[in-house]
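The structure appears right after this line, and notes come after that.
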2 protein chains.
Amino acid sequence: MQLSNTSQYAIRMLAYMADKKDSSLINATKLSEALQIPYKFLTKIMTELVKADLVVSIRGREGGYTLKKNASDIMVGDILKVFNDSMQDEQCVLGIGFCNGMCKCALHDQWMKPKRLLQKMFRESSLEDIAGRGCKI
Amino acid sequence: MQLSNTSQYAIRMLAYMADKKDSSLINATKLSEALQIPYKFLTKIMTELVKADLVVSIRGREGGYTLKKNASDIMVGDILKVFNDSMQDEQCVLGIGFCNGMCKCALHDQWMKPKRLLQKMFRESSLEDIAGRGCKI
DNA sequence: GTTAATTACTACTTTAAGGTAGTATTAAAT
DNA sequence: ATTTAATACTACCTTAAAGTAGTAATTAAC
Ligand code: SF4
Ligand code: SF4
């Protein structure tokens, strides 16, 4: 009942980049060291973020990565989408989802409220909101 | 962001058993057919439920499984506990959880509310609440 | 132009969850 | 007593996520 490792890494990576005030360009080696994420795995994830248009990569010497948009314009939900980790509207808590409105279990309606809150949270929280509090994020 | 397959199966199995009015004893073969859960996997899960004191097994010919308590006394949360799929108090949405009250991200407080609702739901929903609506559960 | 530092690509290995096979054990039916 | 139908146990196989290795491509610095 939590986000995939990959999504967690992606969020931390982007949050860290959003937080870096000085140089907006950062390379994989430094990011990997700063966040304690395996270098090779990090570059693999980053390549996906580049393809998803959340990050710009600059290849070659003096290259690196930088956010493609303002931190306030990149939502946590956008990141989750890239790794198919979003919360779908029809998603059942139990993961069963065979049921419909006609024959619903007691959890069905109870699940609506927390689901809505989660969707809202992911939809409306930007990188800016989660970065830069000195957290280990 | 959902329960493990094993937990889902376990919930469906127990809910089905709670729903069976006629004979309280049911065997693995019938359960497996009714719920379309692989027989061998089902028995593996059931053995864990027996060890966890949620189910009583009767071995030998004419044997089978039956709930150890009233359906209204077995909570969804009890089942999740068996498979380490519970929602912990300290659990972070992002699964990071390095942070503390001093330096929390924007999600930290937003996560409280849905988390509480989920915990309450799992704690207070019994098998009786989710069984017997004609659902495919 | 050569070198050095960087990202991108391809392919592999490891780990844990999910699932399967075979056999031992149990106990009612006969 | 033997047979049969059931659960329990042990060990293995499969799959997808997580992680690793090596090399190609790119580009600034020299
Ligand atoms: S009725 Fe219950 S099991 Fe069916 S989709 Fe709704 S929450 Fe899931
Ligand atoms: S501050 Fe954010 S990242 Fe840290 S534990 Fe709370 S929700 Fe998780």
Give the intermediate values and the outcome of side-chain hydrogen bond (donor to acceptor under 3.5 Å, both in side chains) for residues B/S4 and B/S7. CA-CA 5 Å; B/S4 72; B/S7 293; 3.2 Å; yes
Decide side chain to side chain contact (heavy atoms under 4.5 Å, CB included) for A/T66 and A/I26; before the verdict, give the C-alpha distance in whole Å, the side-chain angles of both, and the deciding distance to 0.1 Å. CA-CA 7 Å; A/T66 186; A/I26 186 168; over 6 Å; no
Carefully, step by step, assess A/L3 and A/I11 under the rule side chain to side chain contact (heavy atoms under 4.5 Å, CB included). CA-CA 10 Å; A/L3 301 179; A/I11 292 170; 4.1 Å; yes
Take A/R123 and A/M75, measure what side chain to side chain contact (heavy atoms under 4.5 Å, CB included) needs, and give me the verdict at the end. CA-CA 6 Å; A/R123 185 168 6 96; A/M75 302 300 160; over 6 Å; no
Working note: A/L31 + A/Y16, criterion side chain to side chain contact (heavy atoms under 4.5 Å, CB included); need CA distance, chi angles, decisive distance, verdict. CA-CA 8 Å; A/L31 243 192; A/Y16 187 92; 3.6 Å; yes
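Using a 4.0 Å heavy-atom criterion, one finds that A/T43 contacts no nucleic acid atom at all. Across all strands, B/T29 comes closer than 4.0 Å to no nucleic acid atom at all (heavy-atom distances). Within the 4.0 angstrom heavy-atom criterion, no nucleotide atom of any strand lies near B/F83. Heavy atoms of A/K30 sit nowhere under 4.0 angstrom from any nucleic acid atom.
The shortest distance between side-chain heavy atoms of B/V93 and A/Q2 does not fall below 4.5 Å.
An OP1 or OP2 oxygen of D/dA11 is reached within less than 4.0 angstrom by no side-chain nitrogen or oxygen of B/K40. For D/dG19, the OP1/OP2 oxygens have a side-chain nitrogen or oxygen of A/Y9 closer than 4.0 Å. Distances shorter than 4.0 Å separate none of the side-chain N or O atoms of B/Y39 from OP1 or OP2 on D/dA6.
The nearest heavy atom of DNA chain D to A/I58 and to A/S4 marks one nucleotide each, and the one closer to the 5' end goes with A/S4. Nearest-nucleotide positions on DNA chain D for A/E62 and A/T6 put A/T6 closer to the 5' end.
Bracketed by its first and final contacts, the part of DNA chain C lying under 4.0 Å from non-hydrogen atoms of chain B reaches from C/dG18 to C/dA29 in 5' to 3' order.
For the pair B/M13 CE and D/dT7 P, the computed distance is 11 Å after rounding to whole Å.
Side-chain proximity of B/R61 to D/dT27, D/dC9, D/dT3: nearest is D/dT3. Taking every side-chain heavy atom of A/P38 into account, D/dG19 is the closest of D/dG19, D/dT7, D/dC9.
For B/K115 against B/D89, the heavy-atom pair with the smallest separation is NZ-O, 2.7 Å.
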